[in-house]
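Inspection log for the structure reproduced underneath, given as structure tokens.
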Amino acid sequence: MTVRLRLALTVFLTGLATAAGVLLAVALAFQRFEHEGTWQRGDAFLARVVAQHDDLLEQQRSNPEAFGNFLRSLLLFEPNSQLYLLDAEGAVLASTGRMELPAGFKVALAPVRAAAAAANRADGSAAYVMGDDPEYMDADAVVAARMLRRSVIRPSSDAEGYLYLVCRKPGLPAPRAALLLGSLASPALASALGVILFMTALAAWIIVTVTRPLRVLSDEVAMAAREGFSMTAGVPAPPPDAGTSDEFGRLRGGFHALLATLRQQWDELSRLDRFRRESVSNLSHDLRSPLTATVACLETLDARWQGDPARAADRQLVEVALRNTRNAAGMVRSLGDLALLDEPEFRLKPMRLDLAEVLDDITLRFAARAAQQGLVLAFSPEGGAPLVAEVDVELFERALANLLDNALKHTPAGGRIGVTASPQPGGVRVAVADTGCGIAAADLPHLFDRLYQARASVAPATSEEGKGLGLTIVRRIVELHRGTVAVASTPGQGTTVTLTLPA
């Protein structure tokens with residue numbers, strides 16, 4: 001969910017809650033109005049009864065049964081109301097209800113006294129009281145009460161009884177429901193709803209105004225992530241007059257400044273990397289011819305002095321020079337190959353084929369050298385399924401040749417080198433395992449670093465006579481094929497290099 005959608009949803013829910021609160025307030029106000037009106041009518045009714053009959057307690061004491069009928073004849077105020085005569089403690093002495101109350105039944109006296117006190121207020125303000133309904137045993141009825149005293153020469157100020165009216169409302173009558181609906185449609189409520197709608201529209205406008213620069217900035221970030229620093233188009237710089245001084249404007253300006261700095265650094269790094277690759281490629285190309293000529297001259301000298309005992313010491317020097325020159329020539333060739341593989345414009349020439357034939361051919365190529373060193377070299381496909389993959393055959397053979405060359409250099413006589421291949425879900429796994437001296441754990445993370453050399457002669461840390469370029473070339477070839485390379489080794493037991501190529 002986007003920020004704009006979350007803000008819009010928040011505004012909508014806030015407006016909905018506000019509207020619900022206004023409607024609830026109107027409903028509560030209407031309910032209070034109804035309760036106050038009911039209480040005023042009931043209190044006025046009790047005032048008339050008490051004014052006309054000031055001897056209610058004596059009438060009830062003299063003839064209780066006739067007094068009950070008398071109360072029912074008085075109850076013309078509202079059919080759903082009930083009238084009770086209470087003593088000073090709240091016990092029901094007489095009632096108009098149809099339900100027979102147990103003897104000595106009492107109602108809560110606090111609401112009765114509160115209703116009687118409200119009736120005696122001089123200001124005449126409406127202050128309705130909720131009290132007990134004896135027939136339903138709840139306190140959710142509007143009640144009115146009047147204090148009663150006996151008719152004596154010197155009356156007491158204390159109440160000797162109460163005339164208690166319970167005003168029930170089983171439902172909202174149709175005229176009052178129409179009144180409520182009319183209140184909801186009144187101009188005041190319409191104005192309140194209009195204010196709510198206006199505030200909602202204003203909040204929506206604020207959301208759009210606030211989130212628009214954020215959306216523009218997020219689009220620019222996505223464009224930069226998609227196109228990268230090497231693209232010439234990229235994210236356009238904001239116009240000079242489009243910047244604002246708020247937080248989003250400063251954030252956008254900072255992003256463009258950071259992007260410009262990163263692009264400048266990227267261009268500088270690209271220029272240096274291009275210079276490095278071109279220098280290495282040119283150096284490799286320029287050194288190949290003199291090194292090749294030097295090797296040829298040294299080989300000629302070695303051949304001339306081969307049968308001359310007086311030149312034995314000279315031949316030893318020639319052999320050392322020849323070996324080092326060949327190593328230098330191999331490293332120069334590897335540097336040139338690696339510089340070519342690093343070129344951004346370099347493209348593979350893939351062919352879809354069965355790798356089993358290629359692996360078997362490479363194994364046969366190294367079999368004679370392995371036999372001379374007293375090693376067993378074997379290729380064994382696994383799984384029984386065809387090992388189909390799209391590879392650049394020349395580069396793939398170069399990678400396998402580097403791995404086998406490493407294994408042959410660092411596996412002692414009597415050891416074994418195995419090449420295995422097996423189909424995997426979505427790819428092919430090729431592994432070269434030897435029983436050589438293994439690789440120290442400290443050297444494993446650096447095996448694929450350029451020109452890295454282990455402290456000891458361990459396989460297969462290096463190739464090209466141990467100059468640290470063999471596995472670098474292998475990794476680069478595998479990366480070009482969108483594959484992965486991994487090394488597992490145990491010192492003294494051997495090393496396994498695994499190539500995983502996508503099908």
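As the structure is a prediction and not an experimental result, all values here were calculated from the model.
Side-chain contact check for Glu220 and His256: at least one donor-acceptor pair (N or O, by modelled atom type) lies under 3.5 Å. Side-chain contact of Ser422 with Gln424: a donor-acceptor pair under 3.5 Å is present, judged by distance alone.
A pairwise comparison of heavy atoms in Pro111 and Gly131 identifies CB-CA, 3.8 Å as the closest pair. Contact record, Leu355 with Ala389: CD1-CB, 4.1 Å, taken as the closest heavy-atom pair. Of all heavy-atom pairs spanning Gly90 and Leu86, the tightest one is O-CD2, 3.9 Å. Gly438 and Thr495 make their closest contact through CA-OG1, 3.5 Å (heavy atoms, listed as atom of the first residue, atom of the second, distance). Shortest non-hydrogen contact noted between Thr38 and Cys167 is CG2-CB, 3.4 Å. Thr484 and Val478 make their closest contact through N-CG1, 3.3 Å (heavy atoms, listed as atom of the first residue, atom of the second, distance).
We find the CZ-CG distance between Arg482 and Leu501 to be 10.0 Å, quoted to the nearest 0.5 Å. In this structure, Leu165 CG and Phe45 CZ are separated by 6.5 Å, a value rounded to the nearest 0.5 Å. Remark: Glu34 CD to Trp39 CH2 distance equals 15.5 Å, nearest 0.5 Å. The CG atom of Leu258 sits 11.0 Å away from atom CZ of Arg263, with the distance rounded to the nearest 0.5 Å. Atom-to-atom distance recorded for Thr96:OG1 and Gln82:CD is 4.0 Å, nearest 0.5 angstrom. Of the inter-residue distances, the one linking Leu46 atom CG with Arg41 atom CZ reads 13.0 Å to the nearest 0.5 angstrom.
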Which is it for Thr498 and Val485 under the side chain to side chain contact (heavy atoms under 4.5 Å, CB included) test, yes or no, and what are the steps along the way?
CA-CA 6 Å; Thr498 305; Val485 57; over 6 Å; no
Could you walk me through whether Tyr164 and Leu83 pass the side chain to side chain contact (heavy atoms under 4.5 Å, CB included) test, one step at a time?
CA-CA 6 Å; Tyr164 183 64; Leu83 191 60; over 6 Å; no
Does the side chain to side chain contact (heavy atoms under 4.5 Å, CB included) test come out yes or no for Leu85 and Leu148, once each step is laid out?
CA-CA 9 Å; Leu85 181 66; Leu148 301 177; 3.3 Å; yes
Set out, in order, the CA-CA distance, both residues' side-chain angles and the distance that settles side chain to side chain contact (heavy atoms under 4.5 Å, CB included) for Glu160 and Leu57, then state yes or no.
CA-CA 8 Å; Glu160 299 183 14; Leu57 292 175; 4.0 Å; yes
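In this structure, Glu397 and Val358 have side chains that are in contact, with non-hydrogen atoms separated by less than 4.5 Å. Looking at heavy atoms from C-beta onward, Arg271 lies out of side-chain contact with Leu269 at the 4.5 angstrom threshold. Between His481 and Glu390, the closest side-chain pair of non-hydrogen atoms is not below 4.5 Å. Here the side chains of Pro423 and Leu387 are in contact, with some heavy-atom distance below 4.5 Å. Pro134 places a side-chain heavy atom less than 4.5 Å from the side chain of Leu101. A heavy-atom distance below 4.5 Å is not found between the side chains of Leu93 and Tyr84. Side-chain contact between Leu444 and Val487 is present, with at least one heavy-atom pair separated by less than 4.5 Å. The closest side-chain heavy-atom distance from Val432 to Leu400 is below 4.5 Å.
For Gln264, the CD atom counts as loosely surrounded, since its 6.0 Å shell holds 12 or fewer non-hydrogen atoms of other residues, nucleotides or ligands. Summarising the local packing, CD of Glu100 is surrounded by 12 or fewer heavy atoms from other residues, nucleotides or ligands at distances under 6.0 Å.
Ion pairing of Asp43 with Arg146 is present here, as a side-chain N (NZ or NE/NH1/NH2) and a carboxylate O approach within less than 4.0 Å. Taking the charged nitrogens against the carboxylate oxygens, Glu394 and Arg398 have no contact shorter than 4.0 Å, which rules out a salt bridge.
Within the 3.5 Å criterion, the main-chain N or O of Glu89 finds a donor-acceptor partner in the side chain of Asp87. Side-chain atoms of Asp132 come within 3.5 Å of backbone N or O of Ala108 as a donor-acceptor pair. Remark: side-chain polar atoms of Ser489 are paired, donor with acceptor, to backbone N or O of Ile439 under 3.5 angstrom.
The ring of His53 has its center closer than 6.0 angstrom to the ring center of Phe70.
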